[in-house]
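Notes follow once the structure below has been shown.
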Amino acid sequence: MEIGLAFCRGILANNPAAVSLLLALLLHRASGLPATHPLRPAVDEINESGPFIGLVMAYSAESDALRSSGEFIPSNHLPWLDLYGRRFHIGSIRDVNVIHVMSGRRRLNAGVTVQILLDIFSVRGIVHYGTTGSANDSMSFGDVSIPKYVAFTGSWTWMKFDSETKMANMLSFAAYNAPAEGKNLLSSVVFKSEDLFVDGKPMNEVFWLQMESQWYEIAKQLKVELQRCANESFCLPDDPKMVFGLKASTADVFVDNAAYRQFLFNEFGVSTVDQESAAVVQTAMASGIPVIVFRGVSDLAGGEATWSSSFLGDLACINALKAAVEFIGILGRRKTSSSS
Ligand SMILES: *[C@@H]1O[C@H](CO)[C@@H](O)[C@H](O)[C@H]1NC(C)=O
Ligand SMILES: *[C@@H]1O[C@H](CO)[C@@H](O)[C@H](O)[C@H]1NC(C)=O
Ligand SMILES: *[C@@H]1O[C@H](CO)[C@@H](O)[C@H](O)[C@H]1NC(C)=O
């Protein structure tokens, strides 16, 4: 080992070409795409006009809302790039460089997509928007939640039948037997923490991920006029509102069940449920990149009493997008004022 090192030093000291070769190797190792990748020149070129905000949404209705808003101005040079099956759109929103990408639904897609953004492009933060189910009766259709805490609630220890254990973070199925409580062969599940890896820190088990505080504080200044009407004849009874500081939960589960919705609210204080936010936040946190989430309430997660909510999805997308766009606008103004 030492002999090898001394040998290397000897070579490097007398050989400028070897030094640059070594540097080139190091640089190539540090970048996200191999030097021989056919898209490498394109990515290098895009990177030169960065850094960008990575704008991530999960499914087509959410990305359609962005398209029809006209807020995204595609780059006239390289408007998009296809990588790993996803299309990365290059351009700007309110004069801020943005790359937007549809991740696909659920946790793996969301996490992978954010990691690709961070590895391949020059990205200074992740803005995530989309729809959400509400688990909190004080929230209404069209409201936009900017959560302060997000948890992954899809990982459980499934307990043995007749297990006497009673613990926090536990869902006992017997308590939900209908028409009366009793025994249930499904026993109970105990919700588990996540293994959180963050650059420069030892691995940590956490249940709640906390939003990056500087971006969260910036978001609190937002004043957004949210949309109240789905069309000329259908309007919500009240003006939708922006709600800050609540708890969100993510799982690879679409919640359409009133009892489970209530359990999440009572046990964890969860106000909104979705399938991606925790993954987006956890992936960004690992690299120490700022991240913020905007989720518009499109349904009551199985708590709908009166009307079907499917048509409210568009309104929820639009309102979450409006908040995200205003936030990106603020980032742009802050950058301009701090650099001038
Ligand atoms: C683009 O820039 C980012 C940030 O500087 C870097 O992590 C990434 O590797 C670069 N991509 C390529 C292909 O060089
Ligand atoms: C439920 O939502 C309302 C806002 O609509 C909020 O004020 C309240 O704190 C939320 N409840 C919990 C437990 O987070
Ligand atoms: C307005 O939206 C409601 C709810 O989606 C729908 O039932 C109705 O047909 C729409 N009206 C028009 C004029 O599009």
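Numbering of ligands and ligand atoms starts at 1, following listing order.
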Check each atom of ligand 1 against the heavy atoms of [X] and keep those under 4.0 Å away; list them by number with element.
{"X": "R40", "value": "13 (C), 14 (O)"}
{"X": "D44", "value": "12 (C), 13 (C), 14 (O)"}
{"X": "I120", "value": "1 (C), 8 (C), 10 (C), 11 (N), 12 (C)"}

*Report the residues that fulfil ring-ring contact (aromatic ring centres under 6.0 Å, His included) with W156, sequence neighbours left out, ordered by chain and then residue number.*
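Counting only residues at least two positions away or on another chain, W156 forms a ring-ring contact (aromatic ring centres under 6.0 Å, His included) with W158, F191.
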
_Residues that F88 engages under ring-ring contact (aromatic ring centres under 6.0 Å, His included), provided they are two or more places apart_ =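 If we apply the ring-ring contact (aromatic ring centres under 6.0 Å, His included) test to F88, skipping adjacent residues, the hits are F121.
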
*asked:* Quick check on D119 - does any of its heavy atoms sit under 4.0 Å from an atom of ligand 1?
replied: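 Distance cut 4.0 Å: D119 passes for ligand 1.
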
*Are the charged groups of D238 and R228 less than 4.0 angstrom apart, N to O?*
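Not counted as a salt bridge, because no side-chain N and carboxylate O are separated by less than 4.0 Å.
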
Side-chain donor-acceptor pair present, [X], [Y], cut-off under 3.5 Å:
{"X": "T131", "Y": "R295", "value": "no"}
{"X": "R124", "Y": "N97", "value": "no"}
{"X": "D119", "Y": "Q115", "value": "yes"}
{"X": "S277", "Y": "D274", "value": "yes"}

*Collect the protein residues that have a non-hydrogen atom under 4.0 Å from ligand 2 and hand them over in chain and number order.*
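Ligand 2 is contacted, at a heavy-atom distance under 4.0 Å, by N136, S138, M139, K241, V243, L246, F265, S271.
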
*Which pairs with one or both residues in residues 99-108 pass side-chain hydrogen bond (donor to acceptor under 3.5 Å, both in side chains), sequence neighbours excluded?*
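Sorted pair list: R107-E194.
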
